[in-house]
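Keep in mind that what you see is a predicted model, and the values were worked out from it rather than measured. FYI, side chains are in, hydrogens and waters are out, and symmetry mates aren't considered; it's all heavy atoms of this structure.
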Amino acid sequence: MFIQVPTDMDEVQLRQLQLKQHGEDVTEDTIIRQAVLDIFQNVLDQIEDGHYDTADWAGEQLTVTDINGEQTATVAPQGDTFIADFRQNADATEDYLEQQAIKASGAR
């Protein structure tokens with residue numbers, strides 16, 4: 001099983017091993033940061049029935065930009081960083097990201 005988007009720390013470690021087998025040396029934090037972005041973007045895409053808004057990082061926050069290039073939302077972590085949130089409770093972080101994606105989409 002190849003892990004694309006890890007949803008907990010066990011999957012983060014498995015993803016890290018998979019990448020290492022392919023010659024990529026990536027830290028857990030890098031994998032978590034990408035997973036947070038991917039989870040959020042996937043939920044946005046599902047809510048909007050397609051890729052209309054784009055999520056990206058701005059420091060420790062996620063930003064949402066619409067198809068016109070205008071920033072429409074920012075999402076801050078619940079704690080100091082999304083990485084710390086994910087490490088502490090990946091399920092709660094995923095739930096939070098889903099809630100924030102609903103808000104960011106304007107529930108279109």
Asks: Look up atom CG in D8 and atom CD in Q13, then write down how far apart they are to the nearest 0.5 Å.
Replies: 9.0 Å
Asks: First locate atom CH2 of W57, then atom CZ of R33, and finally report the distance between them rounded to the nearest 0.5 Å.
Replies: 5.0 Å
Asks: Could you give me the CA-CA distance, side-chain angles and deciding distance for Y96 and F40, then say whether side-chain contact (heavy atoms from CB on, under 4.5 Å) is met?
Replies: CA-CA 9 Å; Y96 174 72; F40 185 77; over 6 Å; no
Asks: If you round to the nearest 0.5 Å, how far is CG of D29 from CD1 of I83?
Replies: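 With rounding to 0.5 Å, CD1 (I83) is 4.0 Å from CG (D29).
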Asks: If the condition is side chain to side chain contact (heavy atoms under 4.5 Å, CB included), which residues does D80 pass it with, not counting sequence neighbours?
Replies: none
Asks: Just how far is it from atom CG of D95 to atom CD of Q100, taken to the nearest 0.5 Å?
Replies: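 Answer for the CG-CD pair, D95 versus Q100, is 11.5 Å.
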Asks: Any donor and acceptor pair, going by atom type alone, linking the side chain of T93 with main-chain N or O of D85 inside 3.5 Å?
Replies: yes
Asks: CG of D53 to CD of Q41: how many Å apart, nearest 0.5 Å?
Replies: 8.0 Å
Asks: Which residue in the set L62, L97, T54, V64 passes side-chain contact (heavy atoms from CB on, under 4.5 Å) when paired with L44?
Replies: V64
Asks: Walk me through it: do D45 and Y52 pass the test side-chain contact (heavy atoms from CB on, under 4.5 Å)?
Replies: CA-CA 7 Å; D45 292 350; Y52 298 101; over 6 Å; no
Asks: By side chain to side chain contact (heavy atoms under 4.5 Å, CB included), which residues pair with R15, not counting sequence neighbours?
Replies: F2, I3, P6, Q18, L19, I31
Asks: Ignoring hydrogens and angles, tell me if any N or O in the side chain of E94 forms a donor-acceptor pair with the backbone of A90 under 3.5 Å.
Replies: no
